Structure formats: C-alpha cells, structure tokens
There are 2 protein chains.
Amino acid sequence: MAGKFMTIREMCDLFDVTPRTLRFYEQKELLAPERTGNRRLFTKRDRARLKLILRGKRFGFSLEDIRQILDLYDPDQNNLPQIKRACKLGTQRLADLEERRKELDEAIQDLRGQLVIGAEMISYAQATAAE
Amino acid sequence: MAGKFMTIREMCDLFDVTPRTLRFYEQKELLAPERTGNRRLFTKRDRARLKLILRGKRFGFSLEDIRQILDLYDPDQNNLPQIKRACKLGTQRLADLEERRKELDEAIQDLRGQLVIGAEMISYAQATAAE
DNA sequence: CGTTATGCTTACGTGAACGTAAGACGGTAC
DNA sequence: GTACCGTCTTACGTTCACGTAAGCATAACG
Ligand SMILES: [Zn+2]
Ligand SMILES: [Zn+2]
Ligand SMILES: [Zn+2]
Ligand SMILES: [Zn+2]
C-alpha cells in the first residue's frame, strides 16, 4: 500500500506507465523521487507532477514544454524572479490552452456534423436498397 | 495566386509547413494531390485535409490516428461497409474529444488557480521587502 | 538459507515525424 | 543560350520518447 511513499511499481500500476518511463522522466528532471539506498521513493509531489505530465502529453506538449510549466506548479518560494518568470510563462500557457479549447470545440462541431452526414448516407443507402 | 490549384510552395506558405512535410504526408496517404507532369497540384480537398491533419496534431494524435478519421471526412459514397466503419470510429473519436474537453477545462482551472497563488506570492514578497 | 522478485545502472535499439544533402529536370529571365 | 529558380526523387541523418537486454544488488518469501 501507499501512505507517504510509493515504490516504482506502485506508481506504475497507479498511472499505467512503465518503470523505464518514470526513470526517463527523472533523468529529464520532470520527477525527483527520494531515495532509500538507491531505490526510488515517490511522494505526493511526484504523483501530482506525473498527473500533470500525462495530461500535458495528451494535449501534444513535449516533455520540455511540460518541464517548464511544472516549474510553475512548485516554484522556489524565495526566488522572486523565478516566480515572476513562471507566472509570465503560465499566463502565456493559459492563453494557449484557451485557444486550444476553441479549436477543440470547433473540432467537435465538425465531427458531429460529419457523423450526421454519415448517418444520412447510410439511411439513404438502405432506403435505396429496399426498393 | 490560388484558384483551383496551388503549388507546393503556396501550400507551405499558407499552412506554415515545409515541402518535405507535404511530401511525407502524401507518402503516408494523408494527402493525394493531383499532378501536372510530376509537379504536385493541391486542391481544395487537400487544403481541407491538411487543416484537419494539423488540428489533429495539435491535440497529440499520431498521423496514423489522423489518417483513419480523415477517411471519415470523405468516404467512398458507394462503399456502405466503409461508411459504417467510419461512423463507428468517428463516434468513438467524438467521445475521445469530449473527454479531452473535460480534461482541458480542468487543466485551465488548475492553471488559473496556480496563477492566483503565484500572484499572491509575488505581492507578499513585495510587501515583505517594503517593510 | 537459497530462490525468486524487484530494482538499479548502463547502453544499445526502435518507431514516428520529419530534416537535409545530392543530383536531375523543366520552365523563366535576361 | 545559359543562368537560375522551383520542384522532383532518393536516401541517409536526426530528435524525441521511450523499449529492451545485460549484469548486478538487495529485499521478500517459503
Ligand atoms: Zn503498497
Ligand atoms: Zn531538455
Ligand atoms: Zn499564386
Ligand atoms: Zn501507417
């Protein structure tokens, strides 16, 4: 079970990823699990970050893109310039996401329309065949 | 200018892609431009498809994913089984997109919250520095 | 206490989506 | 007519995001 810490396997089961993936993300500085000896211990922070990573991936962002916005989600509290940069980047990213939402709505509308056309084609074909 | 047909360069300028990309998409059967001699001539159909391709990419779909739903957008009118398959796949894809929309809304909400926190951290730091 | 599972590092391999370089061909400009 | 531009094909190179295999350490089980 997992209270404070989780092993790599428990993380993999929970998020449906492979150990290789988690090690790779650590190498890319997207995750930073604790260690006991040399075994990784994943914390609540890692779980929150991984959730954000996987979400970002589903929207087509690169790991490098994601790494940059992750810094926004837990900035160094006594590094004011970094916080300001993170906020600026986050604001930019927010605009991106809202733009994406418009596109997504449009894509959904288009697809719905296309499905209607498809349904019409099917019923027309069946009516024709029934003559 | 571009009436009915467009050269590869005109397509590239219009969609901000490289010739290599358009040739690659043709090779993968995502586009099928006409030819005059061996020069490609892109039609309205190609432009519509390319728009869908680039949209799909922005949402993290693979070219193979995209190729499958493209078939939905201009199915062979007298191939009923294909139309039915396309509709089924399109319905599935629509569910995907609606799921994505939920996730996207959540991401936007999260990011907004984080920006508020960031702004608070900044104003707090400035108030502390002003003492 | 030995076997087995889990985890580690290191390193080479892989598939997707193009980039890039080389060489050839055809229209256009001067 | 030739210099040049745009386009073509062919083919090897590259980046990203992991997969996979080898060899070794340690924890867990019976
Ligand atoms: Zn457990
Ligand atoms: Zn990087
Ligand atoms: Zn033109
Ligand atoms: Zn394919």
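Letters A, B, ... mirror the listed sequences (proteins, then strands); counts begin at 1. None of the values given here were measured: they were computed from a predicted structure.
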Q: Of the options C:dT9, C:dG19, D:dG19, whose atoms approach the side-chain atoms of A:R40 most closely?
A: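 For A:R40, the side-chain atoms sit closest to C:dT9.
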Q: Tell me: CG of A:L41 to P of C:dT6, nearest whole Å?
A: 17 Å
Q: At 4.0 Å (heavy atoms only), tell me whether A:R23 reaches a base, stays on the sugar-phosphate, or touches nothing.
A: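 Base: the residue A:R23, judged by heavy atoms under 4.0 Å, touches a nucleobase.
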Q: Would you find a donor on one side and an acceptor on the other, under 3.5 Å apart, between the side chain of B:R49 and the backbone of B:L30?
A: yes
Q: Hey, is the main chain of A:E10 close enough, under 3.5 Å, to the side chain of A:T7 for a donor-acceptor pair?
A: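 A pair under 3.5 Å: yes.
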Q: Whole angstroms only, please: what is the CZ-C1' distance between A:R35 and D:dA25?
A: 14 Å
Q: Just N and O in the side chain of A:Y25: are any of them under 4.0 Å from OP1 or OP2 of D:dC18?
A: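 The answer is yes; a side-chain N or O of A:Y25 sits under 4.0 Å from OP1 or OP2.
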Q: Rounded to whole angstroms, how far apart are CD on A:Q27 and C1' on C:dT10?
A: 11 Å
Q: Report, as yes or no, whether the 6.0 Å neighbourhood of atom CD on A:E103 holds more than 12 heavy atoms from other residues, nucleotides or ligands.
A: yes
Q: In whole angstrom, what separates A:L22's CG from C:dT9's C1'?
A: 16 Å
Q: In whole angstrom, what separates A:K28's NZ from D:dC18's C1'?
A: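 That distance rounds to 11 Å.
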Q: Measure CG/A:L63 against C1'/D:dT15 and give the value in whole Å, please.
A: 12 Å
Q: Side-chain N or O of A:T7 less than 4.0 angstrom from OP1 or OP2 on C:dG7?
A: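 Yes, because at least one side-chain N or O of A:T7 sits under 4.0 Å from OP1 or OP2 of C:dG7.
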Q: On DNA chain D, compare the nucleotides closest to B:R39 and A:N38; which residue's is nearer the 5' end?
A: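 So the residue in question is B:R39.
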Q: Can you confirm whether the side chains of B:R85 and B:Q82 place a donor and an acceptor under 3.5 Å from each other?
A: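 Distance-only check fails for B:R85 and B:Q82.
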Q: Using rotation axes that map the C1' atoms of four end pairs onto the next four (five pairs an end), what angle separates the end axes of the helix from C:dC1-D:dG30 to C:dC30-D:dG1, to 10°?
A: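 End-to-end axis angle: 10°.
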Q: Of the nucleotides C:dG19, D:dC18, C:dT6, which one has an atom closest to the side chain of A:F24?
A: D:dC18
Q: Specify the separation, in whole Å, of atom CZ of B:R67 and atom P of C:dA17.
A: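 Nearest whole value for this atom pair: 12 Å.
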Q: Is a donor-acceptor pair below 3.5 Å formed from side chain B:R20 to base C:dG19, judging by atom type as modelled?
A: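 A donor-acceptor contact between them is present.
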Q: Within this structure, what is the CZ-to-C1' distance between B:F61 and C:dA17, rounded to whole angstrom?
A: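 Interatomic distance, CZ of B:F61 to C1' of C:dA17: 17 Å.
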Q: Is B:K57 near enough to C:dC18 that one of its side-chain N or O atoms lies under 4.0 angstrom from OP1 or OP2?
A: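 For C:dC18, OP1 or OP2 has a side-chain N or O of B:K57 closer than 4.0 Å.
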Q: Is there a donor in the side chain of B:Q92 and an acceptor in the side chain of B:D96, or the other way round, less than 3.5 Å apart?
A: yes
Q: With a cut-off of less than 4.0 Å, is there a side-chain N or O of A:T21 near OP1 or OP2 of D:dG19?
A: yes
Q: Donor-acceptor pair, A:D46 side chain versus A:T43 backbone, under 3.5 Å?
A: yes
Q: A:S62 side chain to A:D65 main-chain N or O, any donor-acceptor pair under 3.5 Å?
A: yes
